[in-house]
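Here's the structure, in structure tokens; my notes come after.
All values reported here derive from a predicted model rather than from experimental measurement. This chain uses plain numbering: 1 for the first residue, then up along the sequence.
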Amino acid sequence: MSTQKTTIHKPLLLSSLVISVTLAGCASAPTTVEPEQNDPWVGWNRGTQSFNDNLDKAIIKPMAKGYLWITPDFVDEGVTNFFSNINDIGVTINDVLQFKMAQSGMDAGRFLINTTAGVAGFIDVATMIDLPKHKEDFGQTLGFWGVPSGNYLVLPLFGPSSPRDTIGLVGDALFNPLTYVSIFGGAAATAATAGSKVLDVTDKRANLMTTEKILDEGAVDRYDFIKNSYEQNRDYLIHDGNPPEDPDLFDENFEPGTSDGTTDGKGSSNTAPANNSAKGSNKSNGSKSPATDKKPGHYLDLSEPK
């Protein structure tokens, strides 16, 4: 990996094994923040993650492997599309709650097209006509309205989360029509809904096989790797791919009042401020990069790949 001579101010999110190995190695370096301050629930989190890993190895992963073995590719893709289509209902509602009206129209159109022309969603016709799939959930909506994330939290069965995203899970369940089928549909409907949920979980776990290999081979500390990836990915989604910069975390040479994170030893920037009429001023007009420069090019998404 070649050394970059330019100073990096924006967070880089993980998307490949090479980047994963590099960042995992960096994560093992000592930091000035005490673990209990950065992750006060680390004891509970590690214990819960261990429980989830053991459950996955004993039950969920074998089911996913069996599912992949007996299921033809086109059926596997159809099942994924079916549950993705149901998810578009909640996505559309969260679009509206975040005032993304144009996007809400696109997602509502996706649902209508896939439900009709796509045979109840088993065929993703919307993608074929260039209607992209968006990812919006109630946790993102709470973040849009300024609700803080809170500390990192690992939930039994559900995995990485936070207090805000835990509340978001409840909201997403209320936006899912299968929830009401299960509650009001009687014993047969409840059993069918439970079966569909097991199928959904199995299908998602099967689609995570590739990501699991990256995680197992690239992580020095599995817990820290998952925690950092989850928090970066959620921040990326909440800010629609344009998260705010935090130069102190990603640039060791950054100092306030400079545009490139370097100083000449006298507290002034190496580059002269543009159009600065006040003599002796140490402020730089170029300290903030354009919004397009903030957009990370890479990230590791722990959800199922498309």
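- Under a hydrophobic-cluster definition in which Ile, Leu, Val, Met, Phe, Trp and Tyr are linked whenever side-chain heavy atoms come within less than 4.5 Å, directly or via other members, Phe175 and Val181 are assigned to different clusters.
- In this structure, Lys227 and Asn38 have side chains that are in contact, with non-hydrogen atoms separated by less than 4.5 Å.
- Under 3.5 Å, the side chains of Gln98 and Gln103 contain no donor-acceptor pair of N or O atoms.
- Without hydrogens or angle criteria, Asn45 side chain to Val154 main chain gives a donor-acceptor distance under 3.5 Å.
- Within the 4.5 Å cutoff, no side-chain heavy atoms of Ile123 are placed close to those of Asn114.
- A side-chain donor-acceptor contact under 3.5 Å links Asn54 to the backbone of Ser50.
- A 4.5 Å side-chain heavy-atom check between Leu169 and Phe158 finds at least one atom pair inside the cut-off.
- Residue Pro177 comes nearest to Ile89 through the heavy atom pair CG-CD1, 3.7 Å, listed as atom of the first residue, atom of the second, then distance.
- Hydrophobic clustering, with ILVMFWY side chains joined whenever heavy atoms are under 4.5 angstrom apart, keeps Ile167 apart from Leu237.
- Heavy atoms only, all atoms of each residue included: Ala120 and Phe82 are closest at O-CD1, 3.3 Å.
- With respect to the salt-bridge test (charged N to carboxylate O, under 4.0 angstrom), the residues Arg46 and Asp221 qualify.
- Side-chain polar atoms of Asp165 and Tyr230 form a donor-acceptor pair below 3.5 angstrom.
- A donor-acceptor pair under 3.5 Å is formed between the side chain of Thr116 and the backbone N or O of Ile113.
- Between Ala173 and Thr179, the shortest heavy-atom distance links the atoms O-OG1, 2.7 Å.
- Remark: side-chain polar atoms of Asp203 are not paired, donor with acceptor, to backbone N or O of Val79 under 3.5 angstrom.
- For the residue pair Ser104 and Thr92, no side-chain donor N or O sits within less than 3.5 Å of a side-chain acceptor on the partner.
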(request) Please assess Ile226 against Gln49 for the test side chain to side chain contact (heavy atoms under 4.5 Å, CB included), listing each intermediate value before the final yes or no. (result) CA-CA 10 Å; Ile226 294 175; Gln49 179 173 299; 3.9 Å; yes
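- The side chain to side chain donor-acceptor pair (under 3.5 Å) test with Lys100 singles out one residue from Asn94, Asp107, Asp240, and that residue is Asp240.
- Nearest heavy-atom pair across Pro163 and Ser149 is CD-O, 3.4 Å.
- Asp137 and Gly139 get closest at one heavy-atom pair: OD1-N, 3.0 Å.
- A search for salt bridge (Lys or Arg N to Asp or Glu O under 4.0 Å) contacts involving Asp172 returns nothing, not counting sequence neighbours.
- Aromatic ring centres of Phe51 and Trp44 lie farther apart than the 6.0 Å criterion allows.
- Using modelled atom types, one side-chain atom of Asn228 and one backbone atom of Asp224 make a donor-acceptor pair closer than 3.5 Å.
- The heavy-atom pair separating Pro160 from Tyr152 by the smallest distance is CB-OH, 3.5 Å.
- Every pair passing salt bridge (charged side-chain N to carboxylate O under 4.0 Å, His left out) that includes a residue from residues 82-95 is listed here, sequence neighbours excluded: Asp88-Arg110, Asp88-Lys133.
- A donor and an acceptor atom, one from each side chain of Asn151 and Ser162, are nowhere located under 3.5 Å apart.
- Not one N or O on the side chain of Arg164 forms a donor-acceptor pair closer than 3.5 Å with the backbone of Leu142.
- Side-chain contact between Pro132 and Met106 is present, with heavy atoms from C-beta onward closer than 4.5 Å.
- Side-chain contact of Asp76 with Tyr67: a donor-acceptor pair under 3.5 Å is present, judged by distance alone.
- For OH of Tyr180, the number of neighbouring non-hydrogen atoms (other residues, nucleotides, ligands) closer than 6.0 Å is greater than 12.
- Using a 4.5 Å cut-off between side-chain heavy atoms of Ile, Leu, Val, Met, Phe, Trp and Tyr, with links allowed through other members, Val119 and Phe111 fall into different hydrophobic clusters.
- Looking at Leu153 and Thr48, their side chains never come closer than 4.5 Å, going by heavy atoms from C-beta outward.
- With hydrophobic clusters built from ILVMFWY side chains whose heavy atoms lie under 4.5 angstrom apart, Leu174 does not share a cluster with Leu178.
- Using a 4.0 Å cut-off between charged side-chain N and carboxylate O, Lys57 and Asp53 make no salt bridge.
- Although no hydrogens or angles enter the test, the distance criterion places a donor-acceptor pair under 3.5 Å between the side chain of Gln140 and the main chain of Lys135.
- Counting only distance, with no hydrogens or angles, the side chain of Asp56 and the backbone of Asn52 share no donor-acceptor pair below 3.5 Å.
- Glu231 has its side chain out of reach of Asp235: every pair of non-hydrogen atoms, C-beta onward, lies at least 4.5 Å apart.
- In the hydrophobic clustering of ILVMFWY residues, with side-chain heavy atoms under 4.5 Å counting as a link, Phe138 and Val96 come out apart.
- A side-chain N or O of Tyr223 and one of Asp39 form a donor-acceptor pair less than 3.5 Å apart.
- Contact annotation: the side chain of Asn85 never approaches that of Asn81 to less than 4.5 Å [non-hydrogen atoms, C-beta and beyond].
- A distance-only check finds a donor-acceptor pair linking the side chain of Trp145 to the backbone of Leu97 [under 3.5 Å].
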